[in-house]
Amino acid sequence: ATSQSPLQIWRGIVRLEGMGGLWRGVLAMSYKTVLWNALMMAVKSKLEPPKPLTPPMTPPPEVQSMNISMGRDLVELDAAAEKLDEVLSHIR
């Protein structure tokens, strides 16, 4: 048995059966692949634990209802100005 390249094999099929020979092989392999994948997906769906359909909301509703600011808490401007004056008086 001599080894042949894929191109030589395809040429032989076309010579013996015509272009339809190549097409019949593609259809046969496609049917086989689709059936095998369908079987594997069915088995996987039976063996795998169920997953949620959609991810949870981001952020969750209980966090949305809170008034959260990013960074530091808001401070009263007057109190901040007084504190800044106090700090600057010690520096001078």
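Hydrogens, waters and symmetry mates play no part in the numbers below; they use all other heavy atoms, side chains included.
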Could I get the full list of side-chain contact (heavy atoms from CB on, under 4.5 Å) partners for Gln8, not counting sequence neighbours?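 With sequence neighbours excluded, Gln8 shows a side-chain contact (heavy atoms from CB on, under 4.5 Å) to Gln4, Ser5, given in chain and number order.
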
Atom pairs and distances, donor-acceptor, side-chain atoms in residues 15-35, under 3.5 Å, two or more places apart:
{"unit_1": "Glu17", "atom_1": "OE1", "unit_2": "Arg24", "atom_2": "NH2", "d": "3.0"}
{"unit_1": "Ser30", "atom_1": "OG", "unit_2": "Val26", "atom_2": "O", "d": "2.8"}
{"unit_1": "Thr33", "atom_1": "OG1", "unit_2": "Met29", "atom_2": "O", "d": "2.8"}

In this structure, are over 12 heavy atoms from other groups packed under 6.0 Å from Met40 atom CE? yes

Residues forming a salt bridge (charged side-chain N to carboxylate O under 4.0 Å, His left out) with Arg11, sequence neighbours excluded: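 Result, salt bridge (charged side-chain N to carboxylate O under 4.0 Å, His left out) vs Arg11: none returned.
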
In terms of hydrophobic clustering (I, L, V, M, F, W, Y; side-chain heavy atoms under 4.5 Å; direct or indirect links), are Leu7 and Ile9 co-clustered? yes

